[in-house]
Protein chains: 2
Amino acid sequence: MESEAVILALAALAQSTRLDVFRLLVSREPTGVPAGEIARELAVPANTMSAHLSVLTRAGLVRPERRSRSIIYRADLEHFRSVATFLLKDCCGGRPEVCAPLIADLTPCCPPKEPAHG
Amino acid sequence: MESEAVILALAALAQSTRLDVFRLLVSREPTGVPAGEIARELAVPANTMSAHLSVLTRAGLVRPERRSRSIIYRADLEHFRSVATFLLKDCCGGRPEVCAPLIADLTPCCPPKEPAHG
DNA sequence: TCCATATTTCCAGACTTATAGAATTATTGT
DNA sequence: ACAATAATTCTATAAGTCTGGAAATATGGA
């Protein structure tokens, strides 16, 4: 991942409406949400929301797909993960003491795949 | 962590000079680097750099400490980690399939503490 | 006190972002 | 073709950011 792409993603998320949109779309994976409904749920005018969705799309964090009259937006979790990876490796490279507690913190919600016996 | 604080941190890192500063300071932990040297190494005028350092400081990502005539800046890795945790739990809550590969990706560089026998 | 060093604050200009009204485009049904 | 629905683009305004020259502030040494 290029640092230019990371900056684009960080800038996209560094705005409260857009952070809310991204969280909403993550919570609605894998179904996605039409643009109008996003605007309604977050109480933002449709055209303003359209501008925000365009920023998130350019940043690669969401992807639009037309379905009949609606345009369904979905979070691109792969892209988000690669941004997070860049950030953490940047920080972690040579400094395990930083990421180890983060992994410890994350593991309870994301258990590494195990054979089902416990 | 408040989402307001996260937005501040994301905005601070969403700028190439500041991302470079943060990376530099992470690589120079725990010694830190004086403001003037940061400016020199990144080829940015001192007053411009001062503005960027102020943004990073307000965001909680770095901390200044005066030592004689110099002001030494250090990365605040704890704060950075709590930003990363917020972002990933936001994404991860209920969706282990997102963070599991990230943990897998991170683990080689940040081995969980083990008794020394390997 | 006077000077040099290190950094910040003040200020202004250029640029970018956030917002939303009005108009436009795309799709579907009658 | 016409109307209704869904979303975007056009446009303008207000607000915020980035940059760096000039001035100001803090520190330490002679």
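FYI, side chains are in, hydrogens and waters are out, and symmetry mates aren't considered; it's all heavy atoms of this structure. First the proteins, then the strands, lettered A, B, ... as listed; each starts at 1.
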Taking for each residue the nucleotide of DNA chain C with the nearest heavy atom, is it B:Tyr73 or A:Thr17 whose nucleotide lies nearer the 5' end?
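Of the two residues, B:Tyr73 wins.
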Does atom CD of B:Glu41 have more than 12 heavy-atom neighbours from other groups under 6.0 Å away?
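Check passes, neighbour count above 12.
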With sequence neighbours excluded, residues passing side-chain hydrogen bond (donor to acceptor under 3.5 Å, both in side chains) with A:Arg23
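Scan of A:Arg23 (side-chain hydrogen bond (donor to acceptor under 3.5 Å, both in side chains), adjacent residues dropped) gives B:Asp90.
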Would you jot down, in residue-number order, the residues of [range] having a non-hydrogen atom under 4.0 Å from DNA chain C?
range	result
residues 58-72 of chain B	B:Arg69, B:Ser70, B:Ile71
residues 34-51 of chain A	A:Pro45, A:Asn47, A:Thr48, A:Ala51
residues 19-33 of chain A	none

Nearest-Å distance, CG (B:Leu56) to C1' (D:dT17)?
14 Å
Assigning hydrophobic clusters by single linkage (Ile, Leu, Val, Met, Phe, Trp, Tyr; side-chain heavy-atom cutoff under 4.5 Å), is [X] placed with [Y]?
X	Y	value
A:Tyr73	A:Leu42	yes
B:Leu53	B:Leu10	yes
A:Ile72	A:Ile38	no

Gap between atom [atom2] of [Y] and atom [atom1] of [X] - 0.5 Å precision:
X	Y	atom1	atom2	answer
A:Leu102	B:Leu102	CG	CG	8.0 Å
A:Asp20	A:Leu13	CG	CG	11.0 Å
A:Arg18	A:Ser54	CZ	OG	9.5 Å
A:Arg74	A:Arg63	CZ	CZ	9.0 Å
B:Cys99	A:Ile103	SG	CD1	11.0 Å
B:Glu2	B:Ser82	CD	OG	11.0 Å

Students should find that the end-to-end axis angle of the helix from C:dT1-D:dA30 to C:dT30-D:dA1, with five pairs defining each axis and rounding to 10 degrees, is 10°
5' to 3' on DNA chain C, which nucleotides open and close the contacts with chain B (atom under 4.0 Å from a heavy atom)?
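With heavy atoms of chain B under 4.0 Å away, the range is C:dA4 to C:dT9.
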Between A:Asp76 and A:Val62, is the side chain to side chain contact (heavy atoms under 4.5 Å, CB included) condition met? List the steps.
CA-CA 5 Å; A:Asp76 187 332; A:Val62 308; over 6 Å; no
Take A:Asp105 and B:Arg81 through the test salt bridge (charged side-chain N to carboxylate O under 4.0 Å, His left out) and record every step on the way to the result.
CA-CA 10 Å; A:Asp105 203 356; B:Arg81 181 165 57 76; 5.1 Å; no
Run A:Met1 and A:Thr85 through side chain to side chain contact (heavy atoms under 4.5 Å, CB included) and show every step you take.
CA-CA 9 Å; A:Met1 161 131 324; A:Thr85 300; over 6 Å; no
Heavy-atom pair of closest approach, residues A:Leu61 and A:Ala9:
CD1-O, 3.8 Å
